[in-house]
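So the structure is just underneath, and the comments pick up after that.
Within every chain, numbering begins at 1; the chains are lettered A, B, ... in the order of the sequence lines, protein sequences first and strands thereafter.
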Number of protein chains: 2
Amino acid sequence: MRHNAVMLELAILGFLHDAPLHGYELRKRIAALTGHVKPVAESTLYPAIKRLEKAGLLARRTRPGVGAAPRHVLTLTAEGRAELRRRLAQPADIDITDENRWFTVLAFLRHLDDPSAQAEVLERRMAFLRQPSSFFYEGDRPLRAEEVEDPFRRGILTIARATSQAELSWLRRTLHTLRAAADD
Amino acid sequence: MRHNAVMLELAILGFLHDAPLHGYELRKRIAALTGHVKPVAESTLYPAIKRLEKAGLLARRTRPGVGAAPRHVLTLTAEGRAELRRRLAQPADIDITDENRWFTVLAFLRHLDDPSAQAEVLERRMAFLRQPSSFFYEGDRPLRAEEVEDPFRRGILTIARATSQAELSWLRRTLHTLRAAADD
DNA sequence: GAACAATACATCGGCTACGATGTATCGCGC
DNA sequence: GCGCGATACATCGTAGCCGATGTATTGTTC
């Protein structure tokens with residue numbers, strides 16, 4: 001399955017786990033979550049809903065629309081909830097490394113109600129952030145911001161480092177809390 | 001044209017502006033630049049090269065491979081260089097808002113040799129980062145990290161804020177330098 | 001009362017992504 | 001001398017992306 005599809009489907013499953021919603025409302029929530037960075041087209045959302053319905057992960061009931069066309073209220077099935085947890089517990093590598101996808105995982109990680117399973121996912125992100133990697137190399141050696149002439153490329157490295165540090169410190173704090181919760 | 005394609009093509013044009021390269025070497029450079037976040041498949045790169053060649057943006061010469069198949073050394077044409085500058089000067093909105101794409105733009109922005117044109121692009125990013133937006137809303141009001149219960153969603157907001165601040169401070173510094181350069 | 005925006009869903013078609021697979025050469029280790 | 005990995009490029013097919021467009025209703029603005 002395509003990677004974008006995976007993330008969109010995760011968002012659909014995640015939002016529906018909270019409450020049954022119709023497509024149009026789902027669209028607005030997804031737009032709020034990821035739309036300011038990368039908008040989702042209607043013609044991408046509705047086919048995705050159909051796929052999930054066909055796979056038995058969600059069910060639809062028709063309700064009269066509020067001053068408009070009838071709504072298709074969508075509800076997660078038991079398989080849908082199980083699938084959501086499976087996807088949250090075992091995200092693909094790209095869902096860990098790509099910030100957009102990672103944020104989507106984080107947005108719904110609370111649905112994975114086992115603290116140690118949540119911690120495992122955070123640890124994968126931590127391992128990724130810790131490995132010494134750059135955007136620019138001299139042979140095999142990753143270059144640091146100070147070694148790059150070009151101010152724009154230097155900016156990339158400066159910003160990436162700041163993000164990395166902020167996130168690592170958040171990860172350490174949160175993992176500490178999760179481990180304490182797991183010990184209860 | 002598709003958005004991913006746009007970014008891949010920008011990277012190809014950008015790397016070739018520095019020096020003629022063959023496809024395999026191009027692939028390694030792109031992998032270094034964006035691969036740790038989002039790998040590019042060979043079967044995506046080669047068709048992209050073909051598209052650009054067909055559009056007259058690059059030319060290929062065949063050279064014997066070093067212990068392997070013959071290399072197709074790729075060179076930017078005059079139109080290719082013009083097109084690169086056009087794309088750098090007028091990136092689509094999504095190239096400004098999506099961090100992955102934004103970093104790709106930054107990686108080659110130096111090829112836009114007019115400081116005030118470079119500053120214009122940075123200003124678009126600054127305007128985006130400044131607008132009050134969140135990932136979560138109460139009605140229309142964006143929620144701040146402190147107002148969110150869920151520790152993972154809180155994490156998203158905390159990290160996004162740290163990134164935003166680091167980047168804004170870099171943008172301000174760099175814009176200052178660019179404006180000084182433009183005044184000369 | 002006519003246009004227009006918002007609500008609400010849907011399809012079509014062209015293009016793109018990318019895993020799988022194929023082709024070919026060279027060097028290295030066993 | 002045989003497999004394996006690196007170099008180097010290419011195609012095919014499935015499936016997803018998304019702009020354009022369509023349909024229908026209600027409320028609001030000129």
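- Rounded to an integer number of Å, the gap from B/L8 CG to C/dC15 P is 18 Å.
- No more than 12 heavy atoms of other residues, nucleotides or ligands sit less than 6.0 Å from atom CD of A/E149.
- The aromatic rings of B/H111 and B/H17 are tilted relative to each other, their planes meeting at an angle between 30° and 60°.
- Distances from the side chain of A/H3 to the nucleotides D/dA10, D/dG16, C/dG19 place C/dG19 closest.
- For A/R71 and C/dA6, the CZ to P distance is 16 Å, given to the nearest whole Å.
- Between B/I49 and B/L52 there is no side-chain heavy-atom pair separated by less than 4.5 Å.
- For A/E42, taking side-chain heavy atoms from C-beta onward, the closest of the listed nucleotides C/dA10, C/dT11, D/dT7 is C/dA10.
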Are any protein N/O atoms closer than 3.5 Å to N/O atoms in nucleotides 23-26 of chain D? If there are, list each pair with its distance.
from   : atom 1 : to    : atom 2 : distance (Å)
D/dT25 : O2     : A/G67 : O      : 3.3
D/dT26 : O4'    : A/G67 : O      : 3.3

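- The 5' end of DNA chain D is approached more closely, in terms of each residue's nearest nucleotide, by B/H22 than by the other of A/A41 and B/H22.
- One can place CZ of B/R27 at 14 Å from P of D/dA10, the figure rounded to the nearest angstrom.
- Using a 4.0 Å cut-off between charged nitrogen and carboxylate oxygen, A/E53 and A/K50 do not count as a salt-bridge pair.
- Atom C1' of nucleotide D/dG19 and atom CD1 of B/I94 are separated by 14 Å, given to the nearest angstrom.
- Between the CZ atom of B/R51 and the C1' atom of C/dC18 there is a distance of 13 Å, rounded to whole Å.
- Taking only side-chain nitrogens and oxygens, B/K38 comes nearer than 4.0 Å to OP1 or OP2 of C/dC18.
- Remark: aromatic rings of B/F108 and B/F15 are close, center separation under 6.0 Å.
- In this entry the distance linking NZ of A/K50 with C1' of D/dC17 reads 16 Å, nearest Å.
- For B/Y24, the side-chain atoms get nearest to D/dT7 when compared with the rest of D/dT7, C/dT11, C/dC18.
- Of the residues near DNA chain C, A/G23 and B/V6, the one whose nearest nucleotide (by heavy atom distance) lies more toward the 5' end is A/G23.
- B/E147 has no carboxylate O lying under 4.0 Å from a charged side-chain N of B/R144, or vice versa, which leaves the two without a salt bridge.
- Backbone-only engagement by B/P70 is indicated by non-hydrogen atom pairs under 4.0 Å involving sugar-phosphate atoms exclusively.
- Under the 3.5 Å distance criterion, the side-chain polar atoms of A/Q118 are left unmatched by any main-chain donor or acceptor of A/D113.
- Here D/dG16 is the nucleotide among C/dG19, D/dC9, D/dG16 with the atom lying nearest to any side-chain atom of A/M1.
- One interatomic measurement links the two molecules: OH of B/Y46 to C1' of D/dC12, which rounds to 17 Å at whole-angstrom precision.
- Side-chain proximity of A/R2 to the nucleotides C/dA17, C/dC9, D/dT11 is greatest for C/dA17.
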Output, in order, the C-alpha distance, side-chain angles, deciding distance and verdict of side-chain hydrogen bond (donor to acceptor under 3.5 Å, both in side chains) for A/W170 and A/Q165.
CA-CA 9 Å; A/W170 175 79; A/Q165 278 168 5; over 6 Å; no

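- Put simply, A/R60 has a side-chain N or O that comes within less than 4.0 Å of OP1 or OP2 on C/dA10.
- When the nucleotides D/dA6, C/dA10, D/dC18 are ranked by their closest atom to the side chain of A/T44, D/dC18 comes out on top.
- Spacing between atom CG of B/N4 and atom P of D/dG19 amounts to 13 Å, rounded to whole angstrom units.
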